[in-house]
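Scope of the values below: all heavy atoms of this structure, side chains included, with no hydrogens, waters or symmetry mates.
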Amino acid sequence: MNIVQPAAPPLSPDLIVRFRAIVGDKYAVTDAADIAPYLTEERNLFHGRSALVLRPGSTAEVSAICKLASQHRIALVPQGGNTGLVGGQTPHNGEVVISTRRMDKIRDIDTASNTMTCEAGVVLQIAQQRAADVDRLFPLSLGAEGSCTIGGNLSTNAGGTTALAYGVAREMAIGLEVVLADGRILNALSKLKKDNTGYDLRNLFIGAEGTLGIITAATLKLFPKPRAVETAYVGLQSPAAALKLLAISQTEAAGTLTSFELLSDIAVDFSVHHGIDIRDPLAAKHPWYVLMELSSPRDDARSTLEAILAQGMEKEIVDDAVIAANLSQRSAFWKLRDEMSAAQKPEGGSIKHDISVPVVAVPDFIEQANAAVVKLIPGARAVPFGHLGDGNIHYNVSQPVGGDTADFMSRWHEVNAVVFEIVLKMGGSISAEHGIGVLKRDELPGVKDKVAIELMRGIKAMLDPLGIMNPGKVL
C-alpha cells in the first residue's frame with residue numbers, strides 16, 4: 001500500500017552532516033541498499049522511503065536528534081524491531097528513521113522490587129531470558145519475540161498469548177523514559193507501585209505509536225517464575241464448546257490459567273501443510289482446537305489440567321486432548337500456533353483483522369463474520385484464531401482457491417467494512433493489539449468516541465506542535 005501524505009522537506013547535505021555528527025559516521029545510514037530493510041515490513045503491505053536512518057546509542061543522542069529535527073521541522077519515524085503490522089514504523093514520505101536497536105542495555109534488575117529497567121532496543125526474548133536468569137518471569141510473549149523490541153512493544157501496547165493472566169504491555173510497565181519532540185527528556189523511570197503525584201503521563205506514550213515522543217527506556221514488572229508449566233492441545237466441536245471449556249478452566253485453575261488459544265481447523269491445516277516439522281498433535285481431525293497452558297508456583301499444574309480436561313470430557317465439551325509430555329512437545333504445540341500467520345502466505349492473498357469483542361460474544365462474532373465474508377466474496381476462506389481468553393481474535397480471510405490475488409487484495413477495505421460492522425455491533429474494537437498505524441487510521445474517527453478523538457488531537461498538538469513525530473500515523 002502506498003500512503004500519500006505531504007512529502008517531508010528534503011534533507012540538505014548540511015543537515016545530514018549535522019545529524020551524522022550526533023550518532024557518528026558508522027551509525028548514520030545513507031546508502032540505499034543499507035536503508036532498504038528499514039523501508040518494508042513483514043507483510044510487505046507498505047513500502048516507504050528515506051534518505052537517512054539514524055541509529056543512536058543513548059537517550060542523549062535521541063534528544064539531540066529531536067532538538068535538531070525540531071529546529072528544522074524534520075519529520076522523524078521511530079523504529080524498533082520493525083515487526084509492526086499496521087505500517088506505523090514505516091517512513092512513508094521520506095522521513096528520517098530513528099532506529100533504537102543499538103539502545104539494548106538492561107540498566108537494572110531489582111529482585112526485591114521485582115522490576116527490570118530496559119532500554120528501548122532490548123529484544124523481547126533477551127528481556128525474558130534476563131528475567132529467567134534471576135529466577136523471575138517477564139511474561140509478555142509474542143510470535144515475533146526473537147526480533148521485536150521493548151520500545152516497540154510499549155509503543156504499540158502489544159498483547160500476546162499471556163494477556164489473559166498478566167495483561168497487555170501497558171500493564172507490565174511501571175515507568176518510562178521518553179524523549180519529546182523538542183528534545184526534552186521525560187524521566188519517569190520509577191519503580192514505585194504507589195505514586196499519586198499527579199497525572200499518569202506514562203500511559204500517554206504507551207500505545208501512542210511514537211506520535212507523541214520516543215520511548216527510550218522502561219521499568220518493567222517481573223513476576224515469580226512458575227515452578228510448573230503444563231500445556232494441553234484440545235480438539236472440540238465449536239467456539240461455543242471452547243467458551244465452556246474456558247469457564248471450567250478459569251474456575252478450576254483460578255489465576256494459574258495463563259494462555260487459552262482458539263484455533264480453527266483451517267488455521268491448523270495451513271500450519272501443518274506449510275510449516276517445517278509441524279504436525280497435528282491429535283490423531284483425528286476436529287473442527288476446532290484449543291491450546292491452553294497453566295503456570296503454577298506449585299507442582300500442582302498437571303493434576304489441575306487433568307481435572308479440567310476430565311470434566312470437559314464428562315460434559316461432552318472436549319472430544320480429545322493431549323498434554324505435552326516434555327519441553328520439546330510443548331514447544332511443538334506452540335510452534336504450530338506461532339506459525340499460523342506465516343502459513344497463510346502460500347495460500348495467496350490474506351486480508352487481516354485484529355479485533356476484540358466481549359469474550360462471551362466470540363462464537364457469535366465468528367459465525368456472523370464467516371457468513372458475511374462468504375456472502376461478499378464467494379469462496380473466501382475465513383481463518384480465525386487467537387486469544388479466546390481475552391476476546392482477541394485474528395480474523396484473517398484467505399482468497400478463494402485459484403482466485404486472483406491482486407483482485408482479492410483490492411477488496412481489503414470492503415472486507416474490513418463488513419467485519420468491522422459486526423465487531424462494533426457487539427461492542428468490540430477494530431484493533432486489539434496491533435495498533436492503528438496507517439492501516440486503520442482512516443477508520444478510527446468512525447469508530448472512536450468523538451470527544452476522545454478531540455482529546456487525542458489536542459494532546460498531539462500540545463506535545464508535537466510541529467507535527468514531526470511519526471506524522472500521519474494514528475491520527
Summary of salt bridge (charged side-chain N to carboxylate O under 4.0 Å, His left out) pairs that have at least one residue in [range], sequence neighbours excluded:
range            : value
residues 338-352 : E347-R381
residues 273-288 : D269-K285
residues 217-242 : D135-R227, E230-R302
residues 234-257 : none

For [X] and [Y], does a side-chain donor sit closer than 3.5 Å to a side-chain acceptor?
X    : Y    : answer
E261 : H387 : yes
T115 : T219 : no
H353 : N416 : yes
S155 : E209 : no
E433 : N157 : no

Distance-minimising heavy-atom pair for A120 and T149: O-CB, 3.3 Å
Is any side-chain heavy atom of [Y] closer than 4.5 Å to one of [X]?
X    : Y    : value
S50  : Y38  : no
L176 : L186 : no
M426 : Q368 : yes
P56  : R102 : no
L142 : L124 : yes
I377 : P400 : yes
I393 : V357 : no
E95  : L76  : no

Aromatic plane relationship, Y395 with F365 - under 30° parallel, 30 to 60° tilted, over 60° perpendicular: perpendicular
Geometric class of the H394/F385 ring pair [parallel <30°, tilted 30-60°, perpendicular >60°]: tilted
Look only at the side chain of [X] and the backbone of [Y], and say whether a donor-acceptor pair between them is shorter than 3.5 Å.
X    : Y    : value
D104 : G121 : no
Q399 : G349 : yes
R441 : G472 : yes

Set of salt bridge (Lys or Arg N to Asp or Glu O under 4.0 Å) partners for R202, sequence neighbours left out: D200
Residues in salt bridge (Lys or Arg N to Asp or Glu O under 4.0 Å) contact with E443, at least two apart in sequence or another chain: none
To the nearest 0.5 Å, what is the distance between [atom1] on [X] and [atom2] on [Y]?
X    : Y    : atom1 : atom2 : result
M292 : T231 : CE    : OG1   : 9.5 Å
L336 : I278 : CG    : CD1   : 5.5 Å
D265 : F270 : CG    : CZ    : 10.0 Å

Flag if over 12 foreign heavy atoms under 6.0 Å of CD, E414: yes
E306 atom CD, over 12 foreign heavy atoms within 6.0 Å: yes
Cationic N near anionic O, under 4.0 Å, R107 to E177: yes
